[in-house]
Protein chains: 2
Amino acid sequence: MPSRATTPRPDRGAWRKTEIIEAAAQCFMERGYHATGVDDVARRLGCTKGRIYHHYASKTDLFFAVHREGMARLFAAQEAILPLPENALEALCAMLTAHANAMLEHHTYESVVAQGVQVHRFEATTPDQRDTMAALIAERDRFEALFKARLARGMAQGSIRESDVSITGKVLLGALQWSIIWYRPRPDDDAAHRADLAARMVAPLIEGLRPPG
Amino acid sequence: MPSRATTPRPDRGAWRKTEIIEAAAQCFMERGYHATGVDDVARRLGCTKGRIYHHYASKTDLFFAVHREGMARLFAAQEAILPLPENALEALCAMLTAHANAMLEHHTYESVVAQGVQVHRFEATTPDQRDTMAALIAERDRFEALFKARLARGMAQGSIRESDVSITGKVLLGALQWSIIWYRPRPDDDAAHRADLAARMVAPLIEGLRPPG
DNA sequence: GTCTATATGGTGATAGAC
DNA sequence: GTCTATCACCATATAGAC
């Protein structure tokens, strides 16, 4: 990375692309994939769709880019808390809390992830798009497996209550992912507020409803 | 209602209407509201859209009808388990189990409910549709309040662990509602299988992850 | 790289025959 | 009550000027 000091911004092309998927993510979140037109995204950027089609081949590609970024942020949140404690219950608590935080912080992108591949299951045309779709599904499975592995380990080591690992995993993640339905970021929303909310979301999952004693 | 004995079916009009929203529900579930055309619904019924537009004024009205039916079935599932035990933890356990069962059994309709009013928040045009929308939102709030009330009562009587009632309510319901994402009914899916699945879904919510002792 | 203008296909909805 | 035929509109995507 030498001899680049002249340009204030290293590569404007990359910046443009992220700027576009950011706008697209907001539109897709607010109105859903099918209801948003490429013109809507352009209007939000203050430009015309010419710019968008210069950077992305199709609206579908745009959606996939947003989805990919959303998944990347979920994985990043998990990597940020490594290494995890050996006790699986403590580890899972940290993982769920980090996930809840990520769902809230990246609410825009995760809303799009939730719409998910399902939107395109019946209309993936080009083989290239089919590959992208398969890759995204694989990513989601890999993410879910992260949690299921800890669950299984915890049950083996006795730190987590016995239950159906597969279903419990889906229930736990679903409980947090459903926040995209009811959570709406507010102007005064800061990291502390989100952390507080995340803790309140995870607590009942760890402790259950049954009172102590 | 006299002199109608000749017709084998009392009111075929009503049957037609339910037949239509059944087909619409399946289409909306599979491809989403915007992606499904009125022609798709007609094709599934083996007719043309003339019939559909004779019974429903617009595609939006069709969606609302499906949504309304979905909510009605959720309420029906709760009413079916009345009266509930006085102990709020036991009551909530029964409510959650019934809700999980309903989500699985009426998977088609509840998928549409989940797409929900959000789809139309930004595009409800006529004042009539706006009223319908408001009514559906009110129904959903009323349903959620059912669970929150029990939670609050349980915490007051000591049968349920203390937590943030509002958030815990959303987390519990979200955990079950997320099943529309991963659950796909199978040919051999009977009531017993759904009941078993529902029990496995609710168990970790009641007990939490922390092991006994 | 970004814009304007346009081609093209599809979709909600209506009119009128039967 | 249901169908066929059709309209009017909108959205994706492209072509070419700047």
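Each chain gets a letter, A, B and so on, in the order its sequence line appears, and its residues count up from 1.
One atom, CD of A:Q129, and another, P of D:dT12, lie 14 Å apart when rounded to the nearest Å. Taking atom CG on B:L62 and atom C1' on C:dA13, their separation rounds to 14 Å, with Å as the unit. Distance, B:H34 NE2 to D:dT12 C1': 16 Å, rounded to whole Å. Spacing between atom CG of B:D40 and atom C1' of C:dT11 amounts to 10 Å, rounded to whole angstrom units. Rounded to whole Å, the distance from CZ on B:F28 to C1' on C:dG12 is 12 Å. A straight line from CG of B:D39 to C1' of D:dT6 spans 13 Å, rounded to a whole angstrom. Distance B:I52 CD1 to C:dT14 C1': 15 Å, rounded to the nearest Å. Look at CZ on B:R43: it is 19 Å from P on D:dT2, rounded to the nearest Å.
Checked against C:dA13, D:dG1, D:dT12, the side chain of B:H54 finds its nearest nucleotide in D:dG1. Nearest to the side chain of A:H55, among D:dC3, D:dT12, C:dT2, sits C:dT2. Distances were taken from every side-chain heavy atom of B:R51 (C-beta onward) to each of C:dC3, D:dT2, C:dA5; the shortest belongs to D:dT2. Of the listed nucleotides (D:dT12, C:dT2, D:dC3), D:dT12 has the atom at the smallest distance from the side chain of A:K59.
Heavy-atom distances to DNA chain D give each of A:G50 and A:A35 a nearest nucleotide, and the one nearer the 5′ end belongs to A:A35.
A donor-acceptor contact closer than 3.5 angstrom links the side chains of A:Y33 and A:T60.
Under a cutoff of 6.0 Å and an axis angle of 45°, A:R194 and A:Y183 do not form a cation-pi pair.
Within 4.0 Å of B:T36, counting heavy atoms only, lie sugar-phosphate atoms of the nucleic acid but no base atom.
Other residues, nucleotides and ligands contribute more than 12 heavy atoms inside 6.0 Å of the CZ atom of A:R184.
Aromatic rings from A:F28 and A:H67 are positioned such that their centres are separated by 6.0 Å or more.
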### Task
Begin with the C-alpha distance, continue with both residues' side-chain angles, and end with the deciding distance and a verdict on side-chain contact (heavy atoms from CB on, under 4.5 Å) for A:T132 and A:R68.
CA-CA 9 Å; A:T132 308; A:R68 206 184 337 262; 3.9 Å; yes
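Contact between the side-chain N/O atoms of B:T48 and the OP1/OP2 oxygens of D:dC3 is found at a separation under 4.0 Å.
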